[in-house]
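Since the structure comes first, as C-alpha cells, the remarks are kept for the end.
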Amino acid sequence: EAQVTQNPRYLITVTGKKLTVTCSQNMNHEYMSWYRQDPGLGLRQIYYSMNVEVTDKGDVPEGYKVSRKEKRNFPLILESPSPNQTSLYFCASWGRRVGDTQYFGPGTRLTVL
Amino acid sequence: AQSVTQLDSQVPVFEEAPVELRCNYSSSVSVYLFWYVQYPNQGLQLLLKYLSGSTLVKGINGFEAEFNKSQTSFHLRKPSVHISDTAEYFCAVSESLNYGGSQGNLIFGKGTKLSVKP
C-alpha cells in the first residue's frame, strides 16, 4: 500500500529540548515536503526536497532543519523548540510527473511547553 | 505571488442539501488547482485536481469543481451531501511552470469547515 508514515503521531516536549519527527514514503517519490498547519492559517510549507541531498526553504523555515540522506526518508529536526512551534505537522511526497498528486502523512501533533 | 482565498471559513448545511465551497486564486501565470479534504484527526486526501483540458473536474465521493479562468475561481460542489462529508476542505494552487520541476510548491487556502447536520 502506497503511504507516507510519520512518527511520532503525538509529542509533548519542553522548550529547548531537541527533537526529530521522522517521515518515510514507500512510493519512490523524488519530492518531499514538510508543512505545518495552524488554525485559521491553513498549511504552510516549511522545507522541501527535490531529491537526495537537495533541499530548500519553504515559506516558514525558521527554527527547523531537514536532511535527505535517503530517498525514502525526510526527517524534520527542531534543534531548540519553542512554544510558537506548537502545531500540527504534515509530511508529503510526490513524483516528478507534471501535476503529480501530493500524498500526505497522518500528521504529528507537537506541543512545546 | 500566488495566493488562495477560501471565502467561507465554515459552511453548515443539512444532509442531502447541495453545497458549494468557494475558492479564488491569484497568479500571474497558468496554474494547477487542487482540492484536498481532511477528515478529523487525519491527513489530507486529494479530492480532485485541474491540470488542463475540461474545466469541469470530477473527483471522489461525488464532488466536482469548475475552473473559471476569467473569474480566477475553482469552486467545489456536491449536489447532495452526507453526514460523512463533514470535514475541512482545502483549496491549493501551484504554478504550472514550477510543478514537477524545481519546487512543486502548493499554496493552500486557510480551509473551509463543512458541517453536515442531520
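In the text below, chain A, chain B and the rest are named by the order of the sequence lines, each starting its count at 1.
Other residues, nucleotides and ligands contribute over 12 non-hydrogen atoms within 6.0 Å of the CZ atom of A:Arg44. Within a 6.0 Å radius of NZ in B:Lys113, other residues, nucleotides and ligands contribute 12 heavy atoms or fewer. Crowding of A:Leu41 atom CG: a count of heavy atoms from other residues, nucleotides or ligands under 6.0 Å exceeding 12.
Interface with chain A: from residues 40-50 of chain B, residues B:Asn41, B:Gln42, B:Gly43, B:Leu44, B:Leu46, B:Lys49 qualify, criterion being any non-hydrogen pair under 4.5 Å.
Here the side chains of A:Gln102 and B:Tyr36 are in contact, with some heavy-atom distance below 4.5 Å. Taking the side chain as every heavy atom from C-beta outward, B:Gln38 and A:Leu88 approach each other to under 4.5 Å. With contacts defined as side-chain heavy-atom distances shorter than 4.5 Å, the pair A:Leu43/B:Leu106 does not qualify.
Within the 4.5 angstrom heavy-atom criterion, no atom of A:Gln6 approaches chain B. Residue A:Arg9 touches chain B through its side chain alone, counting heavy-atom pairs closer than 4.5 Å.
No single ILVMFWY cluster, assembled from side-chain heavy atoms under 4.5 Å apart, contains both A:Leu11 and A:Ile77. In the hydrophobic clustering of this structure, B:Val37 groups with B:Val13; members are Ile, Leu, Val, Met, Phe, Trp, Tyr whose side-chain heavy atoms approach within less than 4.5 Å, directly or through other members. Residues A:Trp94 and A:Trp34 are members of separate hydrophobic clusters, defined by side-chain heavy-atom contacts under 4.5 angstrom among Ile, Leu, Val, Met, Phe, Trp and Tyr. Note on A:Tyr103 and B:Ile60: separate hydrophobic clusters, where clusters join Ile, Leu, Val, Met, Phe, Trp and Tyr whose side-chain heavy atoms are under 4.5 Å apart, directly or indirectly. Residues A:Phe104 and A:Val4 are members of separate hydrophobic clusters, defined by side-chain heavy-atom contacts under 4.5 angstrom among Ile, Leu, Val, Met, Phe, Trp and Tyr.
Between chain B and the residues A:Gly40, A:Pro39, A:Gly105, the largest count of heavy-atom pairs under 4.5 Å involves A:Gly40.
In this structure B:Lys117 satisfies the salt bridge (charged side-chain N to carboxylate O under 4.0 Å, His left out) test with no other residue, sequence neighbours excluded.
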